[in-house]
There are 2 protein chains.
Amino acid sequence: MHSRPPSAPRYVVVAGVLRDAIIAGRYPLGSSLPSERQLMEAHGIARGTARHAISLLVEEGTAAVRRGAQAVVIAAPPPPEQTLSELLSFSAWARSLGCEPSGRVIALSRRTATPDDTAALALGADEPVWDLTRVRMLDGRAVMIERSTYPHRIGQIVAALDLERVSITSALLDHDIHLARARHTIDARPASADDASLLGVDEGAPLLRVRRLATSPLGEPLERGEDRYLGDAVAFSVDNVARQASTRRTADRS
Amino acid sequence: MHSRPPSAPRYVVVAGVLRDAIIAGRYPLGSSLPSERQLMEAHGIARGTARHAISLLVEEGTAAVRRGAQAVVIAAPPPPEQTLSELLSFSAWARSLGCEPSGRVIALSRRTATPDDTAALALGADEPVWDLTRVRMLDGRAVMIERSTYPHRIGQIVAALDLERVSITSALLDHDIHLARARHTIDARPASADDASLLGVDEGAPLLRVRRLATSPLGEPLERGEDRYLGDAVAFSVDNVARQASTRRTADRS
DNA sequence: TAGTGGTCTAGACCACGTG
DNA sequence: ACGTGGTCTAGACCACTAC
């Protein structure tokens, strides 16, 4: 069963009941969910609340709705992970895979922001920033090089951490700093000589490059990063639904 | 101005008014949008309708809301593209870049589905499928190899097309077949000998591999594809918001 | 403390698809 | 023809933020 905190909104509770019923096989793939009016009756709620519940299932890709027909189950409910934090936190992701995450700090230093940094991180001129380079490992195997740049306010906190032991994401949370949004840009690049020696591959080997800008709930940039993954170790999955603007192909930069 | 069809829902109209005002500089980045009560007054609408309008801006990443405070502008409104169709249609994407799309058919053939196909495309055993391989070009430069597999029902339609001239996506639309959802899995692979000669690069060059499963609004698989892009010609961007489950890193398959 | 967004109710009319 | 989801109204109470 999907357990929920005591006083969740009614629409969240109802959505959870439906999810559980789907998992239990009560509504197989392709079958219809109860109509909004039926949900009103069954749970003693108003129609708006029933609609809200179903809309949660639609957002997460579990159900699809058509005008004039009841909602249809089109996929199994996803596990209740914190998807974004898994994407931003290597540690959280590794643990969800059942792997032991580890890391080695290659470099940590303070410097003056370049014009490039001030634009991307919305800084004033000449503000200091922090650079952090790490090699990240799954069960002892190096799979990724992570190069991050932090504004000084964040870098101060990061620099004080035991980076081999604690997760930056969760340490920032302790300081009430929430990474709430992120934009990732993904392409393929050949391994440089540096990359190659850090990851133990040949120079020129295909790496998946992920450039990242993570922001607070209000859009203030908190971290700028470039990760390079072993091309055959990691993949990114994206779900796209018509009418949602989340993923796009971008032009070449050559 | 963002023009809209005559009888759009009120909440869409109001959202459009807000978008236009943001673009016009009336609500700069970081400023507050009108409160829901103010929108009720200004547009003569109920609060639910005002909420709905703002929620559109939140979904598309233009605004952010916090309990107790008015919504805040956190980004410029995105262009009114059909993002998914741009992702699924090379032609539409190319035109949005101001490039001339073209393509060359390498192979088109019918064969019996493998167990792999029947699982991915939800087919019966031994159903026929169609394979299509194309090289795709932007302004005459080969940037991508596209390998698609279609169930027979779709393949029939595709095989009858002048593939050098018409877009498959729009041709399917004429047959009332809507590609409404897609899952993309992205990683980096070295160019095979075949890839290399088709794209005019060296064997082993880094390619961005995108595996795709496109489905109807109800989740019926319509196309399975594997695209290989020149690593330095194309990138994918993903926007992630906390609490939404759209993108994830997946484990290695080695 | 005043105003805000988050939740919820109880009605209503419409366009649409399914039976 | 009927039931469905899509839209919209007009209230209400609460928890939270800003001042």
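What's counted below: heavy atoms across the whole structure, side chains too, no hydrogens, waters or symmetry copies.
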Self-check item: Carboxylate-amine/guanidinium contact B:Asp227 B:Arg212, below 4.0 Å
Solution: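 The answer is yes: the pair qualifies as a salt bridge.
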Self-check item: Under the side chain to side chain contact (heavy atoms under 4.5 Å, CB included) test, residues paired with A:Asp116 that sit two or more places apart
Solution: A:Thr114, A:Arg224
Practice problem: Could you pull out all residues at least two apart from A:Ser35 that satisfy side chain to side chain contact (heavy atoms under 4.5 Å, CB included)? | Solution: A:Arg37, A:Gln38, A:Gln70
Exercise. Specify the residues of residues 36-52 of chain A, ordered by number, for which at least one heavy atom lies under 4.0 angstrom from an atom of DNA chain C.
Key: A:Gly44, A:Ile45, A:Ala46, A:Arg47, A:Thr49
For [X], check side-chain hydrogen bond (donor to acceptor under 3.5 Å, both in side chains) against everything at least two apart and list the hits.
| X | result |
| --- | --- |
| A:Ser148 | A:Glu223 |
| B:Arg67 | none |
| A:Arg47 | A:Glu36 |
| B:Arg111 | B:Asp117, B:Asp131 |

Self-check item: Span of DNA chain D in contact with chain B (heavy atoms, under 4.0 Å)
Solution: D:dT7 to D:dA18
Quiz prompt | Contact nearer the 5' end of DNA chain C, comparing A:Ala69 with B:Ala69 | solution =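 The residue whose closest nucleotide sits nearer the 5' end is B:Ala69.
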Self-check item: B:Pro34 or A:Arg67, whichever maps to the more 5' nucleotide of DNA chain C
Solution: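 Here B:Pro34 is the residue nearer the 5' end.
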Quiz item: So which pairs with a foot in residues 54-76 of chain B pass ring pair (Phe, Tyr, Trp, His ring centres under 6.0 Å), sequence neighbours left out?
Solution: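 Residue pairs passing ring pair (Phe, Tyr, Trp, His ring centres under 6.0 Å), neighbours aside: none found.
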